[in-house]
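Below is one structure; the comments refer to it alone.
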Amino acid sequence: MKHFTSVTQLGDLKDAFAAAKMVKEAPFADKALGENKTLLLVFFNNSLRTRLSTQKAGLNLGMNVIVLDVNQGAWKLETERGVIMDGDKSEHLLEAIPVMGCYCDMIGVRSFARFENKKDDYEEVILNQFIRYSGKPVFSMEAATRHPLQTFADMITIEEYKKTARPKVVMTWAPHPKALPQAVPNSFAEGLNMTDYDFVIANPEGYDLAPEFVGKAKVTHNQDEALEGADFVYAKNWSAYEGDNYGKVLNMDRSWTVSKEKMALTNNAYFMHCLPVRRNMIVTDDVIEAPTSLVIPEAANRVVSAQTVIKKLLQDNY
Ligand code: CP
């Protein structure tokens, strides 16, 4: 594996889960692997979990870790070619990226969808520039269309908690006041499509995800119907993908909030969310605080997910 931008690059899932289990059981066993190697984490957007869990993963592997918040203290970066740089942006990403590559052995990048140009977002222009110009192994810490380290952590969590070989997993849209990217739901769908689980996506009309991510999932616009018999309920908001509505909030229908009444339709399902979550918009207090809520185990598995991926990148590239 040269770079990591999608859960599909994990290869065989059984092997990936076994590798994750080894990391979880002995987190410091590979300290020599990262000795004298520097991990640079570049954030174009805010983060709590990804920032901390990926740093922890690098430290567990014996790496030196540098974190760069592009919008705090670095020069303001231009990302488009051909722009006359007479505004407030002092440096071009095409110089900044190879310079960053000089100072490290591996780069993690967080760069969300900007909702300015759907084509640029879905072609992952920023992430691909890091891959092309840094000269170093690059991994995504959430890009415009995917959040693979989150998805891998979610899949590890489902693997740990599932009570049947083929659980019913329902990913449901839930309301949110701001336009959020499709990266988490796209990526979760991509990951679940690698399994033989019964996978259902529930969202209001107008919120269907890109077909290449939906894959073989069943899609319904009826949340109650989807939740019947679910073993896992994965809640997430996303903005519209289709046509001119790309990146827009079409409604904030709170009848889609995951509540105790909604969870009563399920097979005593576990509740999942990647966090951060807006309580009583996405999920009610009682559901997220219930013993069946897996939000903290998911967050804990972010270290396992990142460490498993960084370990593989170190093994395959150095
Ligand atoms: N789930 C997740 O990626 O959280 P952060 O945005 O806080 O990193």
Side-chain angles (χ1 to χ4, degrees), residues 4-7 10 20 39-60 65-72 107-115 121 124 126-127 130 138-158 160-161 169 171-174 176-192 209 213 232-239 247 258 270-279 281-283 287-288 293-310:
F4 179 73
T5 60
S6 158
V7 277
L10 290 171
L39 173 63
L40 172 62
L41 305 179
V42 182
F43 288 90
F44 288 83
N45 312 97
N46 295 341
S47 168
L48 187 155
R49 278 142 292 273
T50 306
R51 176 186 300 269
L52 296 180
S53 63
T54 314
Q55 285 187 65
K56 176 78 176 125
L59 294 170
N60 285 355
V65 185
I66 303 173
V67 178
L68 176 68
D69 284 298
V70 170
N71 298 321
Q72 286 172 19
I107 307 184
V109 182
R110 165 162 284 202
S111 174
F112 290 171
R114 298 173 176 196
F115 297 140
D121 285 345
E124 293 288 6
I126 303 288
L127 184 65
F130 273 88
V138 171
F139 64 91
S140 165
M141 298 193 297
E142 185 170 345
T145 63
R146 293 176 176 87
H147 194 355
L149 290 179
Q150 179 66 51
T151 300
F152 188 27
D154 294 335
M155 293 174 76
I156 293 165
T157 309
I158 293 174
E160 288 173 343
Y161 283 84
V169 180
M171 178 170 75
T172 181
W173 180 94
H176 193 282
K178 288 188 172 171
L180 297 187
Q182 294 104 29
V184 169
N186 281 347
S187 200
F188 188 75
E190 190 167 58
L192 269 284
L209 294 167
F213 289 105
F232 293 88
V233 175
Y234 192 94
K236 185 72 186 84
N237 172 269
W238 59 89
S239 59
V258 179
Y270 288 110
F271 173 80
M272 300 181 74
H273 189 280
C274 62
L275 304 181
V277 71
R278 291 199 182 223
R279 283 178 176 225
M281 286 295 292
I282 301 278
V283 59
V287 171
I288 198 167
S293 171
L294 296 182
V295 296
I296 305 304
E298 282 175 88
N301 276 333
R302 289 294 306 275
V303 179
V304 180
S305 155
Q307 192 170 333
T308 306
V309 167
I310 296 169

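Note that ligands are numbered from 1 as they come in the structure, with each ligand's atoms numbered from 1 the same way.
For ligand 1, the polar-atom distance check finds no N/O of Asn46 at less than 3.5 Å from any of the ligand's N/O atoms. No N or O atom of Arg51 sits closer than 3.5 Å to an N or O atom of ligand 1. For ligand 1, none of its N or O atoms has an N or O atom of Pro276 under 3.5 Å away. By the 3.5 Å distance cut-off applied to N or O atoms, Ser47 is counted among the residues near ligand 1.
Counting heavy atoms under 4.0 Å from ligand 1, residue Gln150 touches it through the side chain alone. Under 4.0 angstrom from ligand 1, the non-hydrogen atoms of Arg110 all belong to its side chain.
Applying the 4.0 Å criterion to heavy atoms of Leu48 picks out, from ligand 1, the atoms 5 (P), 7 (O), 8 (O). Near His147, the atoms of ligand 1 lying under 4.0 angstrom from a non-hydrogen atom of the residue are 2 (C), 3 (O).
Residue-ligand proximity: Arg302 is placed with a non-hydrogen atom under 4.0 Å from ligand 1.
Side chains of Glu160 and Asn301: a donor-acceptor N/O pair is present below 3.5 angstrom, by distance only. For Thr50 and Arg110, the side-chain atoms include at least one donor-acceptor pair closer than 3.5 Å. Side chains of Thr5 and Glu124: no donor on one and acceptor on the other come within 3.5 Å.
The aromatic rings of Tyr270 and Tyr161 sit perpendicular, their planes meeting at an angle over 60°, well past the 30° parallel limit.
Surrounding CG of Asn71 are more than 12 heavy atoms belonging to other residues, nucleotides or ligands, all under 6.0 Å away.
In this structure a side-chain-to-backbone donor-acceptor pair under 3.5 Å is present from Ser239 to Leu180.
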Criterion side-chain contact (heavy atoms from CB on, under 4.5 Å) on Phe43 and Arg51, from CA distance to verdict: CA-CA 8 Å; Phe43 288 90; Arg51 176 186 300 269; 3.8 Å; yes
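Each of Asn186, Val184, Leu209 was compared with Trp238 under the side-chain contact (heavy atoms from CB on, under 4.5 Å) criterion, and only Leu209 meets it.
Counting only heavy atoms of the protein, atom 1 (N) of ligand 1 lies nearest to Leu275 O, 2.8 Å. Looking from atom 4 (O) of ligand 1 to the surrounding protein, the closest heavy atom is Arg49 NE, 2.9 Å.
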